[in-house]
**Student:** 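I'd like to ask you about the structure that follows.
For clarity, every value in this text was computed on a predicted model and none was experimentally measured.
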Amino acid sequence: MRIVFPDSSVKEYEAGTTGLQIAGDISPGLARNALIIRFNGELMDLTRPLCDDGKIEILTFRDEEGKKALRHSCSHLMASAVQKLYPGTRLGIGPSIEGGYYYDFDIPDFPGISAFEDITAEMKRQVKEDISFIRKEMSFEDAVALFEDSGEKYKLELLEELRDAGESISVYSNGEFMDLCRGPHVPSTGCMKHFELLSTAGAYWRGDEKNEMLTRIYGTVFDSSKNLKEHILLLEEARKRDHRKLGPELGLFKIGGDGGPGLVYWLPAGTIVREELENHWKKAHVKEGYQLVSTPHIAPVELWKTSEHYYYYKDNMYFLDIDKGEYALKPMNCPGHIIIYKNSKRSYRELPMRLAELGMVYRYEKSGVLHGLMRVRGFTVDDGHIFCTEDQIVEEIQKVVRFALYFLKIFDFGYRIELSLMDPSDPDHYAGNPEEWKKVEPALKNALDEMGEDYRTVQGEAAFYGPKIDIKMKDALGRFWQGPTIQFDFNIPQRFDLTYVGNDGQEHRVFMVHRALYGSVERFIGNLIEHYAGNLPGWLAPHQVVILPITESQLERAEEVENIFTDLDIRCTLDGKNETVGYRIREAETGKVPFMLIIGEREAASGRVSLRIHGEGDKGSMELDEAIEIVMAGCRRPELP
RNA sequence: GCCCACGUAGCUCAGUCGGUAGAGCGCGUCCUUGGUAAGGACGAGGUCAGCGGUUCAAUCCCGCUCGUGGGCUCCA
């Protein structure tokens, strides 16, 4: 048979040759690293005999599919160990995921995380034994009989679905362990020397909270101990940067406890960070042609009925009775901005009208989903609503995307743009006039294309009320977070009958865009803390400069210097505590204060200062003006767009 | 909300096989006047998350509630 390689070279092999043999024919190194193959576009086991001509790709851990196969195989290895150690364990599913894999089990009397030691030991034993993964295809009936015998009720449920979908059934075994599985798998358990069990959690069968809760065990596996170690270090680094740890440590905020779960209390230092972010945001928005507005935290329930939030968002809203009427705490700012838009009859001359507000919203979130600043019950949306004509759409979208990227650049975030469009097979699911969708979706696409930005189009991910552009931001550890979001809304203009008078003297339906750049100020600060590992850029640092007189005799000079910096709008504190300089430096370092000015006898006499920079160390003695210049540069607020 | 784990001083954590508790840091006072990541002494701080139950006796055992964490689901 003729085998074509990715570089288009061709080689003849006897029918029945396996991918592994072909890999070995190329180089022993490749045979060692090979995990699976892609043959004529189909992923297959290395050990599957090939019979026809075709294109082959030999996949290793470097290939996304190879990585997935290894991780998925490791989930089988882990399942095998669990089932051996805990007889009666029934299997759920065990896929590979970003960064590793998991397997869901129904384990009778599972001891929890303490079982990891035993499971790991058993897995290691099986790795050493180098047990082959064996694929077997069978009829639906045979498979049912097999899993009925072993009482695998979840697998039987999956089987039913496979049959309904008309898929062929395959089963993989490694030693005594056997699992319903499409594959492919790596050749043997010996490929998984570098694995680690990570954590355990409850998970509903099939993700449905009406189903029983299974025990999920997370693990990961790599191709080398070096890569595994790196990954574990990354996880540790992420733990160290956890904003829930750093935030309270740095005196930024306090969440929950007596203050109520999911509610954030900003301490003085954290309030400074917030105010800086918000002030910059306001200045930038004014410059970009937004008008700042402010709306109440509560509004009559009728308003939420008109906006329909009352009907589809009720479970997340808080209600209160006032006089004879029912009110709701606002879960979103839009209706408030609508009231402002409708305050007078609008002319096309006023468009685009861009309203913006740092609006605090309240949403009921289930207790289990609350998570530090990332998921709270009261938060500040940096909301903006753009009302415009059809002709203005492309330009407005580009303006917002550029504005969003400007904000990400300030903080050195990477990004990825996603364009979410409607599911064309289900047009009834969406609000608004289908004609409008047909106009706006290509407009969004054009806007992005014209800008030359890379983006991914996701069909069917649009909100029911409109298509959207989501920007995911990538932090210093390479993790992606929900970033700016720009959403079209066909629903609200219709529900509230939002119009403008065109130059033809006729009323027209206005187009409306929601957008948030920080998303939630709270969550964004959480992201910043983790992104910078708590070392916020100078302009955001709650304490920018600490002045440290070495002895009491330099107090007077220290106060002079403090006043100079304070007059320059630098947040400066004098630490004249009765402690050694070493102690006070340590305190400033752990407090992540960017600049320290040490003033001893020599400096006081000469009018100089000794500068120390956080994380860098002693910069030596210098003229005060020189130090001022360095500090000012380090604390400069970002340029406006 | 659900499954699992956890809750001891402001923080990080010991401890009590049931007899009402301890360290370090931090805080206060004093001594020390110091040169680039912890000077010393003394002291104050706890209804051992809350409420019930078992017991002669509960911080410890049991139950419930609240809170926190890991996930599921959801989401800015």
Side-chain angles (χ1 to χ4, degrees), chain A residues 92 102 104 106-107 110-114 198-218 239 242 244-245 248-249 251 254-262 313 315-316 331-333 359-361 363-383 470 481-485 487 514 516-524 526-527 548-555 576-591 596-603 610-621:
Chain A
Y102 68 78
D104 285 345
D106 181 354
I107 312 177
F110 184 60
I113 202 147
S114 61
L198 296 175
S199 61
T200 160
Y204 299 108
W205 168 237
R206 319 231 68 187
D208 187 337
E209 59 186 315
K210 285 183 214 77
N211 288 338
E212 47 267 76
M213 177 77 64
L214 304 178
T215 301
R216 174 169 299 180
I217 301 179
Y218 287 91
R239 261 193 292 277
D242 194 326
R244 290 169 303 177
K245 184 169 166 288
E249 256 173 41
K254 147 115 193 129
I255 302 181
D258 295 337
Y313 208 67
D315 291 346
N316 288 297
M332 292 169 188
N333 297 303
M360 184 103 189
V361 299
R363 300 182 186 174
Y364 171 75
E365 300 285 358
K366 292 174 177 180
S367 60
V369 307
L370 300 174
H371 182 93
L373 288 177
M374 303 304 188
R375 198 70 184 276
V376 292
R377 285 181 174 163
F379 59 99
T380 310
V381 179
D382 66 315
D383 231 331
D470 280 321
W481 303 91
Q482 174 64 49
T485 167
Q487 312 188 348
H514 310 257
L517 307 185
Y518 291 147
S520 130
V521 175
E522 286 76 4
R523 181 184 281 185
F524 194 77
N527 290 147
L548 303 168
I550 292 181
T551 74
E552 272 170 16
S553 341
Q554 292 90 44
L555 255 182
K577 234 191 336 273
N578 183 10
E579 285 290 352
T580 60
V581 208
Y583 178 88
R584 285 174 289 157
I585 284 176
R586 183 183 150 79
E587 211 170 35
E589 288 284 354
T590 53
M596 287 151 263
L597 295 177
I598 290 101
I599 299 177
E601 207 179 329
R602 293 197 293 272
E603 288 81 4
S610 169
L611 174 71
R612 184 186 168 97
I613 299 183
H614 170 59
E616 294 181 27
D618 188 8
K619 295 289 163 185
S621 154

**Student:** Test your reading of the model: is there a side-chain donor-acceptor pair from Arg363(A) to the backbone of Val376(A), 3.5 Å cut-off?
**Tutor:** no
**Student:** Phosphate oxygens OP1/OP2 of G70(B): is one of them under 4.0 Å from a side-chain N or O of Ser199(A)?
**Tutor:** no
**Student:** Do Glu589(A) and A38(B) share a donor-acceptor pair, side chain to base, under 3.5 Å?
**Tutor:** no
**Student:** Say we look at C2(B) and G28(B): how far apart would their C1' atoms be, to the nearest angstrom?
**Tutor:** 47 Å
**Student:** Check this one for me: any side-chain N or O of Thr580(A) less than 4.0 Å away from OP1 or OP2 of G39(B)?
**Tutor:** yes
**Student:** By the 4.0 Å heavy-atom rule, please label Glu579(A) as base, sugar-phosphate, or nothing.
**Tutor:** base
**Student:** Would you measure the distance from the C1' atom in C11(B) across to the matching atom in G45(B) and give it in whole Å?
**Tutor:** 13 Å
**Student:** Roughly how far apart, to the nearest Å, are U16(B) and C72(B) at atom P?
**Tutor:** 36 Å
**Student:** Say you pick atom C1' in G1(B) and the same atom in U65(B); how far apart are they, in whole Å?
**Tutor:** 16 Å
**Student:** Using a 4.0 Å heavy-atom cut-off, does Glu601(A) contact any base of the nucleic acid, only the sugar-phosphate backbone, or nothing at all?
**Tutor:** base
**Student:** Among the nucleotides A76(B), G71(B), A37(B), which one has an atom lying closest to any side-chain atom of Ile585(A)?
**Tutor:** A37(B)
**Student:** What nucleotide, of A38(B), G1(B), A76(B), holds the atom closest to the side chain of Arg586(A)?
**Tutor:** A38(B)
**Student:** Choosing from G1(B), A76(B), G35(B), which nucleotide comes nearest the side chain of Lys366(A)?
**Tutor:** G1(B)
**Student:** Between C48(B) and G43(B), how far apart are the two C1' atoms, rounded to whole Å?
**Tutor:** 23 Å
**Student:** Pull out every stem in RNA chain B, meaning runs of 3 or more consecutive Watson-Crick or G-U wobble pairs with both distances under 3.5 Å.
**Tutor:** B:1-7 with B:66-72, B:10-13 with B:22-25, B:27-31 with B:39-43, B:49-53 with B:61-65
**Student:** What is the nucleic acid contact for Gly368(A), judged by heavy atoms within less than 4.0 Å: base, sugar-phosphate only, or nothing?
**Tutor:** base
**Student:** Between G26(B) and U12(B), how far apart are the P atoms? Round to whole Å, please.
**Tutor:** 15 Å
**Student:** Which part of the nucleic acid does Val376(A) contact within heavy-atom distance under 4.0 Å: base, sugar-phosphate only, or nothing?
**Tutor:** base
**Student:** Please confirm whether any donor atom in the side chain of Tyr204(A) sits under 3.5 Å from an acceptor in the base of G71(B), or the reverse.
**Tutor:** no
**Student:** Over all strands shown, is Tyr218(A) touching base, sugar-phosphate only, or nothing at heavy-atom distances under 4.0 angstrom?
**Tutor:** sugar-phosphate
**Student:** Rounding to an integer number of Å, can you tell me how far Lys577(A) NZ sits from C30(B) C1'?
**Tutor:** 17 Å
**Student:** Heavy atoms under 4.0 Å, any strand shown: does Gly600(A) hit a base, just sugar-phosphate, or nothing?
**Tutor:** base
**Student:** Looking only at side-chain atoms of Phe379(A), point me to the closest of G34(B), G1(B), A76(B).
**Tutor:** A76(B)
**Student:** Between His371(A) and G70(B), is there a side-chain N or O to OP1/OP2 distance below 4.0 Å?
**Tutor:** yes
**Student:** Is the base of A38(B) touched by the side chain of Arg584(A) through a donor-acceptor pair closer than 3.5 angstrom?
**Tutor:** no
**Student:** Take atom C1' in U8(B) and the same atom in G67(B), then report the distance between them in whole Å.
**Tutor:** 15 Å
**Student:** Using OP1 and OP2 only, check whether a side-chain N or O of Arg612(A) sits under 4.0 Å from G35(B).
**Tutor:** no
**Student:** Using atom P in both nucleotides, what's the gap between A9(B) and G15(B) to the nearest angstrom?
**Tutor:** 15 Å
**Student:** Across the strands shown, which category fits Ser553(A) at heavy-atom distances under 4.0 angstrom: base, sugar-phosphate, nothing?
**Tutor:** nothing
**Student:** Between A76(B), U33(B), G70(B), spot the one nearest the side chain of Glu365(A), thanks.
**Tutor:** A76(B)
**Student:** Quick one: label Arg216(A) by what it contacts on the DNA or RNA (base, sugar-phosphate, nothing), any heavy atom closer than 4.0 Å.
**Tutor:** sugar-phosphate
**Student:** Could you check which of G69(B), G34(B), U68(B) has an atom nearest any side-chain atom of Pro261(A)?
**Tutor:** U68(B)
**Student:** For a quick check, tell me whether the side chain of Glu603(A) and the base of G35(B) share a donor-acceptor pair closer than 3.5 Å.
**Tutor:** yes
**Student:** Scan Val381(A) against the nucleic acid and name what it touches under 4.0 Å (heavy atoms): base, sugar-phosphate only, or nothing.
**Tutor:** nothing
**Student:** Would G71(B) be called syn or anti, given that syn covers angles within 90° of 0?
**Tutor:** anti
**Student:** For Gly483(A) and Lys619(A), take the nucleotide of RNA chain B holding the closest heavy atom to each; which residue's nucleotide lies nearer the 5' end?
**Tutor:** Lys619(A)
**Student:** So, does Tyr313(A) get its side chain near the phosphate of C75(B), meaning an N or O under 4.0 Å from OP1 or OP2?
**Tutor:** no
**Student:** Are there any protein N/O atoms within less than 3.5 Å of an N/O atom in nucleotides 42-49 of chain B, and if so, which ones and at what distance?
**Tutor:**
none

**Student:** For Tyr518(A) and Ile599(A), find the nucleotide of RNA chain B closest to each by heavy atoms; which residue's nucleotide sits nearer the 5' end?
**Tutor:** Ile599(A)
**Student:** Using the aromatic ring of Tyr583(A) (for Trp, its six-membered ring), decide whether it stacks on the base of G39(B) within the limits of 5.5 Å and 30°.
**Tutor:** no
